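Heads up, the thing below is written out as structure tokens.
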Amino acid sequence: MNNSDHNHKFALTTPLYYVNGVPHIGSAYTTIVADAAARFQRLQGKSVLLITGTDEHGQKIQRTAAEQGLEPQVHCDRIVDSFKSLWDKLNIKYDRFSRTTAPNHQAIVNEFFERVWKQGDIYLDRQQGWYCVSCEEFKEERELIEDHHCAIHTNKPAEWRDEENYFFRLSKYQQQLEELYESQPDFIQPASRRNEVINFVQQGLKDFSISRVNLDWGFPIPTDEKHTIYVWFDALLGYVTALLEPDQKPTLDNALSQWWPIDLHLIGKDILRFHAVYWPAMLASAGLPLPKKVFGHGFLTKDGLKMGKTLGNTIDPFDLVDRYGADAVRYYFLKEIELGKDGDFNETRFINVLNADLANDLGNLLNRTLGMLKKYCQGNTPQLTSENYSSDHPLKSIGMDLGDRVIQASENLQFSQACEEILTLVRSCNKYIDDSAPWSLFKQDKQAEVEEILYAVLESVRLSAYLLSPIIPDLSNKIYQQLGFDWDFNQDERYKAREDFLWHSKWGKLSTNKTLGKAIPIFSKLELPPED
RNA sequence: GACAGCGUAGCAUAACGGUCAAUGCACCAGCCUCAUAAGCUGGCAGAUGUGGGUUCAACUCCCAUCGCUGUUACCA
């Protein structure tokens, strides 16, 4: 693959979610962000591979399944179905759904393991200590609370284990990792997370155990069947397996030929260490190129409080989409929460923001303008182009380089910023209409001026819809259709052509010579929930 | 405990050390009527956690203090 080739390709991942339970709002958040990022890339005509999936091995899964009287695979299949259905509801367009129980995954894991083994980075050692099954990890004595209960999982005591484990020689890669963080400052983002990782690595890295005994639900260590590969070692490689074409022979060479290295791993901050420390070390050991970027986003709170089962204040993502729709949920998470920082979910704010931005500012803008077009121009779009407007026109001046600014923001995963840029144009449209009062001009028979105003507004709405399409694809579709375009932002073909992007992302491209129909509200106002 | 970060109007955010600290939401008043009782204009409210210091000038730098958060070995 040459450089120019890589410029029009973009591979990104969500985590492979652990199938201990049905998807929660955190997984939905990560996946929405990833989908928006992927859509922004596709919009520019790049080939994109969005990988999501599930991590299905480990003792915790085995036990969860057993508690329900299910075979582990049956349990996993059920959970996977719920993930897929949520992604469908949220209009997530993923390209690969990677399951660590997929038949081709074991071959990749084995081959990778052998590479690392040959490198001399795996060795057998004894591990003793208290093991928390819920964490799938050994705990230091000082970390445990009374009666050897894990501090995170207080309902179950940790188990005493004395076993032989295989270890990965992480300590060997300390210097290499430090050099990586130094030479590639944006490898870990945001910067605050990067500092944490650097801090951690500088304290000295210990080798970590990559196998478990007395565990059936997982892949055996190729060289020693008594041992099962630790879930994380297995799960991270799911990103590699995902790169295989469906009927391709599962070899590392095949998997890595097209899309490697991954451009972006989008993850929650809780699993940053695996992706920013262990993963690059594993890859270095196997002699593979490293991913370009790992972005650890923040967590969601509900009304300012941590969400959790104990507090009983979790948000059910299925319920949220059912009540408000995919675009509403997507918009709130992308616009109101700054990626990287913790963000709060508050239903009143949620409703206020959506009503203000999507129903009032944007939706009603389209509605009022189409209404005028119908009354004043019989629904015919004015025969104008960008050339008819001077560069200091109140809308053209904002719209001219809006595409550039929005794309720039999206490249930095600043979707909130992107939305703000677009909203500035939308709000200016409303102001522009009031300032120029086309209804008065119409009464004065100033038809040309009316048309000039309406065209400028409709075109600004079109551009806004286009640039918002990665965030609210269904609403953008509705706008585009009402503006006379035969267009579907949910279809991949619409993203393939670079020329399409260059055309649509500029101000002044509204198709002329069309008769537009009656306006249909694109977004109904949401009702505030009753006070309780 | 150690290390890191944060603390701006009711809420959410913004401000290369330098115009009256900006924007949105919410709230109040006025205007308009093309529109989803939407829109526009104006108002509201903070002397930027507290106390010092550096500087001609600090939200922006330094010190202290209070409060919150994160990381401290493998939970989105």
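All values below were derived from every heavy atom in this structure, side-chain atoms included, with hydrogens, water molecules and symmetry-related copies excluded. In the text below, chain A, chain B and the rest are named by the order of the sequence lines, each starting its count at 1. Predicted model only: the values in this text are computed from it and were never measured.
- Relative to the ring axis of A:Phe299, A:Lys269 places its NZ or CZ within 45° and under 6.0 Å from the centre.
- Between B:rC3, B:rA12, B:rA35, one nucleotide has an atom nearer to the side chain of A:Arg368 than all others, and that is B:rA35.
- Counting only Watson-Crick and G-U wobble pairs whose two distances sit under 3.5 Å, RNA chain B takes part in these stems of three or more pairs: B:1-7 with B:66-72, B:10-13 with B:22-25, B:27-31 with B:39-43, B:49-53 with B:61-65.
- When distances are taken from the side chain of A:Asn199 to each of B:rU36, B:rC32, B:rC3, the shortest belongs to B:rC3.
- Side chains of A:Tyr432 and A:His393: a donor-acceptor N/O pair is present below 3.5 angstrom, by distance only.
- In this structure, A:Gly268 reaches neither bases nor backbone, as no heavy-atom distance under 4.0 Å exists between it and the strands shown.
- Below 30°, between 30° and 60°, or above 60°: for A:Phe350 and A:Tyr324 the angle between ring planes is between 30° and 60°, a tilted geometry.
- In this model, the phosphate group of B:rC6 is not approached by any side-chain N or O of A:Lys341 to a distance below 4.0 Å at OP1 or OP2.
- Counting any heavy atom pair closer than 4.0 Å across all strands shown, A:Glu338 reaches sugar-phosphate atoms only and no base atom.
- Of all nucleotides listed (B:rA73, B:rU36, B:rA35), B:rA73 comes nearest to the side chain of A:Phe200.
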Decide side-chain hydrogen bond (donor to acceptor under 3.5 Å, both in side chains) for A:Ser416 and A:Glu338; before the verdict, give the C-alpha distance in whole Å, the side-chain angles of both, and the deciding distance to 0.1 Å. CA-CA 6 Å; A:Ser416 181; A:Glu338 266 184 88; 5.5 Å; no
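- Side-chain N/O atoms of A:Lys518 include none lying less than 4.0 angstrom from OP1 or OP2 on B:rA35.
- Just one of A:Thr100, A:Leu237, A:Ile221, A:Leu215 meets the side-chain contact (heavy atoms from CB on, under 4.5 Å) condition when paired with A:Ile229; it is A:Ile221.
- At B:rA35, one or more side-chain N or O atoms of A:Lys375 fall inside 4.0 Å of OP1 or OP2 (strictly under the cut-off).
- Classified by interplanar angle (parallel below 30°, tilted 30° to 60°, perpendicular above 60°), the ring pair A:Phe83/A:Tyr17 is parallel.
- The residue A:Leu205 sits close to a base: some heavy atom pair falls under 4.0 Å.
- Taking atom C1' on both nucleotides, B:rG51 is separated from B:rU19 by 29 Å, rounded to a whole Å.
- Under the 4.5 Å side-chain criterion, counting only non-hydrogen atoms from C-beta, A:Leu300 is not in contact with A:Asp344.
- Comparing B:rG24 with B:rA45, their C1' atoms are spaced 15 Å from each other, to the whole Å.
- Nucleotides B:rA9 and B:rA47 have their P atoms positioned 8 Å apart, rounded to a whole Å.
- A cation-pi arrangement, defined by a distance under 6.0 Å to the six-membered ring centre and an angle within 45 degrees of its axis, is present between A:Arg273 and A:Phe200.
- Residue A:Asp270 places its side chain closer to B:rC75 than to any other of B:rC34, B:rC75, B:rA73.
- Geometric assessment of A:Lys293 against the ring of A:Phe187 yields a negative cation-pi assignment under the 6.0 Å and 45° thresholds.
- For A:Lys206, the listed nucleotide lying nearest its side chain is B:rA73; candidates were B:rA12, B:rA73, B:rC34.
- You'll find a donor-acceptor pair under 3.5 Å spanning the side chain of A:Asn364 and the base of B:rA35, going by distance alone.
- Within the nucleic acid shown, A:Asp361 comes within 4.0 Å of sugar-phosphate atoms alone, with no base atom in reach, counting heavy atoms only.
- Rounded to whole Å, the C1' atom of B:rA73 lies 37 Å from the corresponding atom of B:rU60.
- Between B:rC28 and B:rA64, the distance separating the two P atoms is 46 Å to the nearest Å.
- Distances shown here put a side-chain N or O of A:Lys525 below 4.0 Å from the OP1 or OP2 atom of B:rA38.
- When the nucleotides B:rU72, B:rU36, B:rA73 are ranked by their closest atom to the side chain of A:Gln203, B:rU72 comes out on top.
- An OP1 or OP2 oxygen of B:rU72 is reached within less than 4.0 angstrom by a side-chain nitrogen or oxygen of A:Arg273.
- Straight-line distance from the CZ atom of A:Phe350 to the C1' atom of B:rA26: 17 Å, rounded to whole Å.
- Atom pair A:Tyr332:OH and B:rC25:P shows a separation of 15 Å (rounding to whole Å applied).
- A:Ile522 comes within contact range of at least one nucleobase, with a heavy-atom separation under 4.0 Å.
- Within 4.0 Å of A:Pro15, counting heavy atoms only, lie sugar-phosphate atoms of the nucleic acid but no base atom.
- When each of B:rA38, B:rC34, B:rA26 is scored by its nearest atom to the side-chain atoms of A:Asn360, the top-ranked nucleotide is B:rA38.
- Nucleic acid contact for A:Ala356: sugar-phosphate only, since backbone atoms but no base atoms lie under 4.0 Å from a heavy atom of the residue.
- With both ends at atom C1', the span from B:rC59 to B:rG42 equals 27 Å, rounded to whole Å.
- Side-chain proximity of A:Tyr376 to the nucleotides B:rA73, B:rG70, B:rC34 is greatest for B:rC34.
- Distance from the side chain of A:Glu196 is smallest to B:rG70 among B:rG70, B:rU36, B:rG39.
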